[in-house]
Amino acid sequence: MYGGGYIFEENGSGEIEDSVKLKEFETRISAGDKVEPTDWMPVEYRKQLIRMIEQHAHSEIIGALPEGTWITRAPGFRRKLALMAKVQDEVGHAQLLYSAAETLGKPREMMINDLINGKSKYSNVFNYPAETWADTAIIAWLIDAGAIINQVANSKGSYGPYCRALERICQEESFHLKYGHDNVVFLATGTRTQREMVQGALNRWWKPIMHFFGPSDKISVHTETMMKWKLKMASNDEMRQKFLDMYVPKIRDLGLTIPDPALRKNEQTCKWEYTEPDWEEFKRVINGDGPCNKERLAVRKKAEEKGAWVRRALLRNSEQYVVPLS
Amino acid sequence: MQFNKEQTKALKELLYLLADDELILGHRNSEWTGLGPILEEDIAFSSMAQDKIGHAQNFFEMLHELGEPEPDTNAFARDENLFRCCHFVEYPIGEYNFSLMRHFLFDHAMFIRYGMLSGSSYEPLASAVRKFKGEMIYHVLHADTWIKQLSQADEESYRLMQSALDECLPLALGMFETLSGENLLSDSGIYSGEELLRQSWIEKVVPLIESAGLILPDLNNIQPAFGGRKGIHTDYLKPLLDEMSEVFKIDPDAEW
């Protein structure tokens with residue numbers, strides 16, 4: 001699950017590229033060619049790609065934590081097995097993505113070190129707690145739905161290994177969405193306790209969902225380059241609008257109330273209007289001051305430390321990945 | 001084949017053993033999800049945990065056919081003293097060396113047990129375990145590969161694997177506690193019994209342990225951790241069951 005990654009963009013590297021090669025590269029991209037690991041690419045393209053794919057991979061393993069804690073509490077065999085498989089998929093996505101990023105020259109171990117040292121970011125949404133069983137249902141349905149919108153767009157991008165990984169990820173995510181929706185339907189049409197539980201979860205998660213796609217895009221030279229190189233395929237606002245178009249009616253059909261009285265579709269502009277999310281909070285949480293940032297990184301760090309002896313015992317050679325898993 | 005009342009009671013004891021061992025260890029192994037030492041192991045442990053819980057679900061369905069409560073209620077709302085799992089599966093996941101050694105010792109036993117049961121006179125059980133055996137081939141292959149690799153990699157990993165073996169053996173031998181009504185199972189061709197399983201298990205795992213370079217203590221001097229098959233459990237089981245049923249018990253009338 002991933003969304004809103006673009007907000008972590010850094011400034012350009014200032015590299016001056018060979019203008020002939022750069023032109024050839026950009027011509028290829030505009031013709032719809034995919035770039036492969038051994039092809040020439042601008043330094044800045046490689047840097048931005050590593051950052052994007054790495055953040056996406058981190059989001060998958062950190063994203064496994066809030067849902068993972070509910071595997072041991074899932075009510076009944078059907079839900080327990082489905083949630084286990086779902087979270088396992090998310091870890092599998094991290095594996096695919098780290099391998100795609102490794103083709104660009106950064107080893108997995110280094111990426112994970114950057115994650116636990118706070119140097120590299122992950123999707124903001126996972127810094128919020130999953131307080132009840134219904135929270136996992138809302139995450140699996142609506143956060144995964146948001147992730148699919150984001151990832152389907154990005155799978156049309158320019159870097160072959162990332163696009164192929166995203167296509168596979170989206171297929172699995174579509175099952176997560178079905179699982180999440182089924183789970184929400186049972187709660188929303190269930191007993192009073194269940195209905196209250198799922199409404200409470202929607203109330204808690206609406207803000208992180210609106211944050212999920214990132215702040216409104218500000219057109220900059222940097223963004224233009226990202227779009228030209230097909231690293232960025234749609235704006236944050238476009239994706240948020242698409243999500244609202246697809247899911248607001250479905251949420252309302254279930255008798256749930258979206259906690260934003262200003263939410264409405266403007267028939268003239270055909271755009272959704274909503275209470276502007278609190279972007280100050282968004283920035284605060286990204287920068288480490290969210291409800292779960294410390295806990296998430298501490299859990300990840302502990303897992304890395306506890307497993308270090310296993311990884312040391314496997315280090316028998318200096319082979320490195322050069323071929324992506326997909 | 002028709003079974004009398006006493007034989008059916010013994011059959012249920014056996015099915016509870018299978019169901020509870022698989023459910024509780026599957027539950028324990030699922031606790032590694034997102035926390036494994038490497039991503040590939042995280043994924044592998046989750047797959048095996050899913051298989052185990054799937055097997056458990058099947059055994060609970062068989063019990064339901066024999067008049068026991070429906071699977072979710074039976075698994076998620078039964079009292080602790082009615083569980084028939086061994087102590088080995090109840091222990092927390094601990095460090096990875098413990099979880100891996102438990103996986104190795106337990107899965108070999110279950111693989112052999114499934115083999116013995118694949119000729120059972122209780123056909124629903126025989127046909128189910130024939131399928132499960134196919135899955136378990138990969139579990140034991142996974143366990144054997146890792147035990148060998150980690151026991152022979154470096155001093156640190158060797159030491160950790162040896163200490164895991166020493167810690168696990170009394171618990172592992174507790175898997176073979178005699179079942180209530182075992183002679184009835186044997187006489188009716190349902191299951192040939194835990195002692196035969198124990199012997200086959202020793203024949204299988206001892207050479208693997210030795211070829212991994214680990215030192216095997218004298219099994220005759222080890223006191224097995226018995227009690228589980230009679231409903232006497234470690235202090236670890238109750239909190240596990242409380243956690244497992246936390247949501248299920250919020251509203252007993254609800255469909256989840």
Side-chain angles (χ1 to χ4, degrees), chain A residues 57 60-85 87-92 94-96 98-99 108 112 132-134 136 183 186-187 189-194 197 299-300 302-304 306-316, chain B residues 23 26-47 49-51 53-54 56-58 60-61 71-73 75-76 95-97 100 146 149-154 156-161 240 242-251 253-256:
Chain A
E60 301 283 358
I61 51 168
I62 294 289
L65 300 178
E67 287 183 286
T69 57
W70 286 93
I71 289 173
T72 53
R73 292 174 278 179
F77 279 106
R78 186 163 154 258
R79 296 293 183 213
K80 195 175 180 78
L81 283 166
L83 184 58
M84 286 168 80
V87 182
Q88 182 194 30
D89 281 353
E90 307 293 4
V91 179
Q95 186 198 18
L96 276 177
Y98 283 125
S99 115
R108 189 201 286 185
I112 291 179
T132 71
W133 169 250
T136 70
N183 206 342
F186 268 69
L187 296 171
T189 59
T191 64
R192 188 174 167 181
T193 310
Q194 287 174 305
M197 196 191 258
V299 170
R300 192 64 247 163
K302 197 172 168 204
E304 291 303 313
K306 280 174 73 144
W309 71 273
V310 179
R311 294 192 299 281
R312 277 196 295 272
L314 296 175
L315 285 176
R316 294 294 197 112
Chain B
L23 173 65
H27 178 100
R28 280 292 185 219
N29 285 347
S30 79
E31 292 175 29
W32 279 109
T33 312
L35 305 172
I38 53 170
L39 295 178
E40 287 74 8
E41 271 304 273
D42 211 302
I43 294 162
F45 248 72
S46 176
S47 278
Q50 288 169 56
D51 282 349
I53 290 177
Q57 186 180 19
N58 267 270
F60 281 113
E61 279 162 6
D72 280 348
T73 311
F76 288 76
E95 298 295 327
Y96 206 62
N97 56 337
L100 202 56
W146 276 89
Q149 170 75 25
L150 291 182
S151 300
Q152 297 179 343
D154 57 33
E156 178 190 29
S157 67
Y158 173 81
R159 183 176 52 76
L160 287 166
M161 295 313 287
L240 181 152
D242 287 345
E243 185 176 333
M244 192 166 79
S245 60
E246 184 185 308
V247 179
F248 191 79
K249 286 181 175 170
I250 288 174
D251 192 339
D253 298 326
E255 274 190 76
W256 297 95

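For the numbers below, each heavy atom of this structure counts, side chains included, while hydrogens, waters and symmetry mates do not.
Relative orientation of the F77(A) and F60(B) rings is tilted, given thresholds of 30° and 60° on the angle between their planes.
Using a 4.5 Å cut-off between heavy atoms, S245(B) makes no contact with chain A at all. Residue L100(B): no heavy atom, backbone or side chain, is found under 4.5 Å from chain A. Only the side chain of F76(B) comes within less than 4.5 Å of a heavy atom in chain A; its backbone stays farther off. Of the atoms belonging to D242(B), not a single heavy atom falls under 4.5 Å from chain A. For a residue to count as touching a neighbouring chain, one of its non-hydrogen atoms must lie under 4.5 Å from one of that chain's; by this rule K302(A) does not touch chain B. Using a 4.5 Å cut-off between heavy atoms, T33(B) touches chain A through its side chain atoms alone. Using a 4.5 Å cut-off between heavy atoms, Q50(B) contacts chain A through both its backbone and its side chain. Of the atoms belonging to E246(B), it is side-chain heavy atoms, and not backbone ones, that fall under 4.5 Å from chain A.
We find the CG-CD1 distance between L39(B) and I61(A) to be 6.0 Å, quoted to the nearest 0.5 Å. Atom CD1 of I71(A) and atom CD1 of I53(B) lie 9.0 Å apart (nearest 0.5 Å). Atom-to-atom distance recorded for D51(B):CG and M84(A):CE is 9.0 Å, nearest 0.5 angstrom. Note that the CD atom of Q149(B) and the CG atom of L314(A) stand 5.5 Å from one another [nearest 0.5 Å].
Each of A85(A), A308(A), G68(A), A94(A) has some count of heavy-atom pairs under 4.5 Å with chain B, and the biggest count is that of A85(A). Interface check for chain A: of the options G36(B), S47(B), G26(B), the most heavy-atom pairs under 4.5 Å are formed by S47(B). Across L23(B), L160(B), L240(B), T73(B), the residue that shares the most heavy-atom pairs under 4.5 angstrom with chain A is L160(B). Heavy-atom pairs under 4.5 Å with chain B were tallied for Q194(A), R311(A), K306(A), R79(A); the largest tally goes to Q194(A).
Remark: R73(A) qualifies as a cation-pi partner of W70(A) under the 6.0 Å distance and 45° angle criteria applied to the six-membered ring.
Ion pair E31(B)/R28(B) flagged as a salt bridge, since at least one NZ, NE, NH1 or NH2 atom sits closer than 4.0 Å to an Asp/Glu carboxylate oxygen.
Here the two rings, on Y96(B) and W309(A), have centers that are 6.0 Å apart or farther.
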